[in-house]
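Order of the sequence lines fixes the chain letters, A, B, ..., with proteins taken first and strands second; residue numbering starts at 1 for each chain. Heavy-atom basis, side chains included; hydrogens, waters and symmetry copies ignored.
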Protein chains: 2
Amino acid sequence: MTIDVGARLRGVRTSFGLSQRELARRAGVTNGLISLIEQNRVSPSVSSLKKVLDGVPMSLAEFFTLDLSIAPQAFFGTDELVELGNEAVSLRLVAAKRPGRQLTILQERYAAGAATGEEMLAHRGEEGGVVVRGRIELMVGGTTRVLGPGEAYYFSSQLPHRFRNVGREVCEIISASTPATF
Amino acid sequence: MTIDVGARLRGVRTSFGLSQRELARRAGVTNGLISLIEQNRVSPSVSSLKKVLDGVPMSLAEFFTLDLSIAPQAFFGTDELVELGNEAVSLRLVAAKRPGRQLTILQERYAAGAATGEEMLAHRGEEGGVVVRGRIELMVGGTTRVLGPGEAYYFSSQLPHRFRNVGREVCEIISASTPATF
DNA sequence: CCTTCTTGTCTAGAATATTAAACGCTATGA
DNA sequence: TCATAGCGTTTAATATTCTAGACAAGAAGG
């Protein structure tokens, strides 16, 4: 059972969005060394591996404890968003299957005249979003306002709130809330 | 913050009771390398450190995760056993202060005629022991027997039980029970 | 006193890791 | 099209690790 230090390092580096040269600069080693290590052409000394990881930064214990198999999905295609809504109001959830998720991020689409219901909503947490397309009437804590593209909202979810599309076209919103309710 | 790979390795090796040569033989490296690593005269390559640890055996993750500061006390002098009993029955506990301890190991001394009480004892777990000196009358689940030096017992602690020194001299027992009650 | 065994350390040379610099590639923009 | 800049890779030279073997010190037994 080998460790594949190279794959581990490459995984760490790329997941931090660093190039070999950038990591090398931060770590005080050469880019060539990073390349050789990642290809398993050399087995780095503990000291140089530590130098490299210091550039991330990450400890040796974390590095060797890393479980690459649970690298969570980071990108989701249109058809990978999970539909939670109905005909009038489409709610498409990002990272639906991710365990322990802290955020609920939704792509919301309201048909003309559609609303989140007759009742006001109220629950724990906070939520916010940005209108992408169309116009939405948002009632929060007794105040009402119509938001258009580029406008946004953010409020404590404990305040009673309600969304309603008062326009004639579809309204699209990208929203986020925490803690994760779905 | 340095890692002191040398001290870690030396700690691991000695705690497994291995000499440098013996570990080297098992790991397929030379004893000199072990010596140099332990003195921090070299920083081993990950591959050779892995070879060395394979000889223990221990994983790299375990090695770097090791917390040497919580090396628990392994030996206890006579005066380091904690007295839990009374004049008639002395109960001296091994490793009393160890957190998360699973076992209660006692050196028990019963004065002539002493007993664990008039009532029968009954509690969760299992217990056993060996008589070292003197004679003890042990009642377990309605059965009674007198045990002498070298004789032993083991039973489910749920069975009602009682110890009584029926001899004229002190009786000494070494006992163990789980889970730890004291 | 020896001899023999084991321990950890040290050293010269062989093997390997690391550097510095170049290479080939792709993308971006003038 | 040419230049520029970024990317990962490769190579030759250098620095370090690693091996094989010798050394000194301590313990056990004759």
TODO: If a protein heavy atom is under 4.0 Å from the base, mark B; if only from the sugar-phosphate, S; if neither, -; do that for nucleotides 13-28 of chain D going 5' to 3'.
DONE: ----SSBS-B------
TODO: For DNA chain C, note the earliest and the latest nucleotide, 5' to 3', having some atom under 4.0 Å of a heavy atom belonging to chain B.
DONE: C:dT7 to C:dC10
Task: Sequence-distant partners of B:R25, side-chain contact (heavy atoms from CB on, under 4.5 Å), two or more places apart - done: B:E22
Open item on the list: Check whether A:N40 reaches the backbone of A:G6 with its side chain - one donor and one acceptor, N or O, closer than 3.5 Å.
Closed with: yes
Task: B:D54 bridged to B:K50 by N-O distance under 4.0 Å - done: yes
- [ ] Using a 4.0 Å heavy-atom cut-off across all strands, classify B:E38 as base, sugar-phosphate, or nothing.
- [x] nothing
- [ ] Take atom CG of A:L18 and atom C1' of D:dC7, then tell me their distance rounded to the nearest Å.
- [x] 14 Å
- [ ] Calculate, to the nearest 0.5 Å, the distance between atoms CG and OG1 belonging to A:L91 and A:T116 respectively.
- [x] 9.5 Å
TODO: To the nearest 0.5 angstrom, please state how far the CD1 atom of A:I34 sits from the CG atom of A:L23.
DONE: 4.0 Å
- [ ] Not counting sequence neighbours, list each pair that qualifies as a salt bridge (Lys or Arg N to Asp or Glu O under 4.0 Å) and has a residue in residues 28-46 of chain A.
- [x] A:R10-A:E38, A:R13-A:E38
Task: Results of side-chain contact (heavy atoms from CB on, under 4.5 Å) for A:A61 - residues two or more places apart only - done: A:S59, B:F64, B:T65
Task: Contacts of type salt bridge (Lys or Arg N to Asp or Glu O under 4.0 Å), residue A:R135, not counting sequence neighbours - done: none
